[in-house]
Amino acid sequence: MNATANLKKIIVQALNEIWGLEIEDTDVLVNETRPEFEGDFTVVVFPFAKQLRTAPVKIGEQLGNYILEKSTAISSFNVVQGFLNLSFNNSFWNVQLDEILKNVNFGYSEPNGNKVLVEFSSPNTNKPLHLGHIRNILLGWSSSKLLQAAGYEVVKTQIVNDRGIAICKSMIAYQLFGNGTTPESTGIKGDHFIGKYYVSFETHFKQEYKKWQKSDNGLNAFDSNKKEGEIEDHFFDRFKNEYFNTYSKLGIQAKEMLLKWEDGDEDTIQLWSKMNSWVYEGFEKTYEKLGVYFDRNYYESDTYKLGKTLIEDGLKREVFYKKEDGSVWINLEDVGMDHKLVLRSDGTSVYMTQDIGTAQQRNVDNQVNRMVYVVADEQDYHFKALFEILKKLEEPYAHELHHLSYGMVDLPTGKMKSREGTVVDADDLIEDVINEAKSASMSRGELEGVDQFDQEEIFRKIGLAALKFFIIKVNPRKRMTFDPKESVDMQGQTGPYIQNAYVRILSVLRKSKNNSTLEVLDYDDLQELERKLIQTMFQFPDFIKDAAEALDPSSIANYCYNLAKMYHRFYHEFRILSAETESAKYFRLKLSEAVAQILKTGMDLLGIEMPDRM
RNA sequence: GGUCUCGUAGCUCAGCUGGAUAGAGCAGCUGACUUCUAAUCAGCAGGCCACAGGUUCGAAUCCUGUCGGGAUCACCA
């Protein structure tokens, strides 16, 4: 229970005692007082004026007097129009500061006994991770942290898309052009190695297709299938899939590979596992660099058949229905959606089938009562359907499913397109930001005397902070523009700016030789900025709860920035080590320590590490 | 076309469960390092919160419509 919650209770009580009005705590709006007015928190009394048929100012006055009398924490109040501004006394704030310092995990809630599974990243195994994955990973990781902080037990997981035609393309290309090389023999990171062959397949396929378009077969296909007045380019664009499936030599090979894989052909499986293992080694390195890990992975090659049993079962219970051709569907019209296919006519599973199976399997394995899927907003419809289906199947966790849907990442030049080679590679990006941090740091020269290894560690922390903060500060729901130049900025609203506030504090603390017998409470000359700092920290737990509830790490990012900004100002305006009095010095050291603690905790929730110096 | 979503300073973004005069950063211009890390701070300038209606004491925020961007509506994943 914090002070605003207490405040609301008192207001409710006052309204009831004075006017006999009955309302809930949630009907009371308490805001931070705007800087141009005097006070710490503001109660908006307009809403009561109507119900009580009394002038807002009058209600404000009476409420103010009531609170002043009942609460020892309030020192004064003033009423402006319909706003009741309340000031808390110094000792109240000093006590709050003490509370923060006493609790290393200030902001964290007690375990709530619930278990939530968070799925994120979930890459395909045919190419390396890119910028889009980074946004996904940061959101997933941070949401997991937030949920943990809010009291949940969290299982971090991914579904690895390790099967299908895409990986077969890489396999074919590797067989044709790989010459038995390996990531080891070439020195190329495993995921990039595989990606190279995927690209190689596409390149060769394109060449083959171009050639075919000029051939008799190609011209015939054009003549007999074109729409009226359709030009060649347009037609062949449209015809590409059919070409791949029926005419292309490469396409046919890839498809045969897929069939062999599904048949469990030994050589195919062997090649497949070997190539996938290279990819996993590569992914692992990238995850490690980003500082993330998973508690448990699920692989499509294991789970793609899982859904079928559930479908069979649902068919018996008439949740699903079968068409004449044998395909199985579900009617979602009652929830404003369409009919959705859950099993192909040949009995093979689709994306949805496997997701149904995976969800159930995950619940069997982990006994969760909530699941969060971090997936881009292009799949909004799919997840809406999936959740409805699971509800109809009466899965126990079905009412606690959340799709953390986030907007795609654009470049200043437009969309990222693999076809046009504009995809920003994750590993390259990470390397770039670290190098940028290194050169920025070198030119400042603060790290002279720090040993090589520690320096590298600091560069890594700074570079990644810049990158991560740049991405995580944006509200997930929104599409974002990623400007590589801006992402390595280390000044202003950035990760390094926040780190800098932290580093300044540690530097002061190192020099403080604190052996005082004073207490925070000995300081009674609290300055406006000092009070605001405590007030901001005091609200940290609420921010965490709200962010976890909304699955929105960006609000924590903005919170950290605001706190750091406030501290930088404080640092500039006030002396700490050479403060006017001993009690002021002691207080400011403690205040700084608390800010450092909160910044570290807050940034940790975002998956951002803090350096001790920079 | 149906549905969903976004539109706030030149640019990148906060603010959105309705509350006081809409905030930051970048870029531009002024200033502040013999003094706790200047990756900092202070200041100037920059806005018809896409547009039009509505709801009300009060709207960037809620509702409706229009315009613009994006996504989606596959026996693809």
Side-chain angles (χ1 to χ4, degrees), chain A residues 26 29 31 33-34 36-37 42 44-47 49-50 56 80-83 85 122 124 161 163-166 241 300 323 325-329 336-338 341-346 348-352 354-355 376-382 384 405 407-408 410 412 415 437 440-441 443-447 462 466 470 473-475 477-483 485-487 489-501 503-512 546 550 554-555 557-558 561-562 564-565 567-579 588-589 592 613-614:
Chain A
T26 48
L29 184 63
N31 291 328
T33 303
R34 297 192 59 127
E36 57 269 36
F37 298 95
T42 297
V44 184
V45 298
F46 286 108
K50 200 170 187 182
V80 182
Q81 297 170 46
F83 301 96
N85 302 319
S122 305
N124 293 348
N161 184 1
R163 68 180 197 101
I165 195 72
N241 263 340
E300 289 196 0
K323 280 191 182 172
D325 62 5
S327 58
V328 180
W329 297 73
M337 302 180 79
D338 239 334
L341 176 93
V342 291
L343 214 53
R344 290 198 190 98
S345 51
D346 62 4
T348 58
S349 61
V350 289
Y351 188 36
M352 190 64 82
Q354 124 187 338
D355 272 358
D377 63 8
E378 58 185 351
Q379 292 192 37
D380 283 356
Y381 186 81
H382 172 78
K384 215 176 150 211
S405 161
M408 304 282 234
D410 291 327
K415 284 189 209 180
S441 180
S443 65
R444 300 183 69 225
E446 287 283 351
L447 297 181
I462 299 172
F470 185 76
K473 74 175 182 187
V474 181
N475 188 314
R477 186 174 68 246
K478 292 189 178 177
R479 240 183 135 80
M480 68 169 289
T481 307
F482 183 89
D483 187 334
K485 284 202 295 288
E486 281 179 34
S487 73
D489 269 356
M490 318 241 163
Q491 281 159 20
Q493 197 179 39
T494 66
Y497 173 95
I498 299 167
Q499 290 178 322
N500 185 231
V503 163
R504 281 178 141 183
I505 295 170
L506 292 206
S507 179
V508 172
L509 292 177
R510 271 196 297 271
K511 289 176 180 160
S512 72
D546 291 349
S554 72
S555 64
N558 285 300
Y561 171 70
N562 286 328
K565 186 179 164 62
Y567 186 81
H568 275 305
R569 191 143 80 87
F570 163 77
Y571 180 90
H572 193 264
E573 272 180 40
F574 295 91
R575 307 299 304 167
I576 301 169
L577 294 175
S578 51
R588 286 177 192 158
L589 281 168
S592 300
R613 47 185 83 216
M614 65 195 285

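All heavy atoms count here, side chains included; hydrogens, waters and symmetry mates do not.
In terms of polar N and O atoms assigned as donor or acceptor, the side chain of A:N241 never comes within less than 3.5 Å of the base of B:A74 in a complementary pairing.
Residue A:F37 is in base contact, counting any heavy-atom pair closer than 4.0 Å across all strands shown. Contact annotation for A:R569: backbone-only contact, meaning every heavy-atom pair under 4.0 Å involves sugar-phosphate atoms and none involves a base.
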(message) Across nucleotides 5-13 of chain B, 5' to 3', mark each nucleotide with B, S or - according to how protein heavy atoms within less than 4.0 Å reach it.
(response) -SS----SS
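A:A440 pairs by the side-chain contact (heavy atoms from CB on, under 4.5 Å) definition with nothing, not counting sequence neighbours. Listed by chain and number, the residues in a salt bridge (charged side-chain N to carboxylate O under 4.0 Å, His left out) with A:R34 are A:E36 (sequence neighbours excluded). Residues forming a side chain to side chain donor-acceptor pair (under 3.5 Å) with A:S405 (at least two apart in sequence, or on another chain): A:D380. By the side-chain contact (heavy atoms from CB on, under 4.5 Å) test, A:N562 pairs with no residue at all, sequence neighbours left out. Every side chain to side chain donor-acceptor pair (under 3.5 Å) that A:R479 has, sequence neighbours left out, goes to A:D410. Applying the ring-ring contact (aromatic ring centres under 6.0 Å, His included) criterion to A:Y497, with sequence neighbours excluded, gives A:Y561, A:H568. For A:F574, the ring-ring contact (aromatic ring centres under 6.0 Å, His included) partners at least two apart in sequence or on another chain are A:F570. Residues passing the ring-ring contact (aromatic ring centres under 6.0 Å, His included) test with A:Y381, sequence neighbours excluded: none.
Separating the CG atom of A:L341 from the P atom of B:A74 is a distance of 11 Å, rounded to the nearest angstrom.
Remark: RNA chain B takes part in the stems B:1-7 with B:67-73, B:10-13 with B:23-26, B:28-32 with B:40-44, B:50-54 with B:62-66, each of 3 or more antiparallel Watson-Crick or G-U pairs, criterion distances under 3.5 Å.
Using a 4.0 Å cut-off, no side-chain N or O of A:K384 falls inside it from OP1 or OP2 of B:C73.
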Report, one pair per line, the protein and nucleotides 34-38 of chain B atoms (nitrogen or oxygen only) whose separation is under 3.5 Å.
unit_1, atom_1, unit_2, atom_2, d
B:C36, O3', A:K511, NZ, 3.0
B:C36, O2, A:L577, N, 3.1
B:C36, N3, A:I576, N, 3.1
B:C36, N4, A:Y571, O, 2.6
B:C36, N4, A:F574, O, 2.4
B:U37, OP1, A:S507, OG, 2.4
B:U37, OP2, A:S507, OG, 3.0
B:U37, OP2, A:K511, NZ, 2.4
B:U37, O2', A:R504, NE, 3.2
B:U37, O2, A:R444, NH2, 3.2
B:U37, N3, A:M614, O, 3.1
B:U37, O4, A:M614, N, 3.1
B:A38, OP2, A:R504, NE, 3.2
B:A38, OP2, A:R504, NH2, 2.2

Are there any protein N/O atoms within less than 3.5 Å of an N/O atom in nucleotides 56-64 of chain B, and if so, which ones and at what distance?
unit_1, atom_1, unit_2, atom_2, d
B:C57, OP1, A:K50, NZ, 3.3

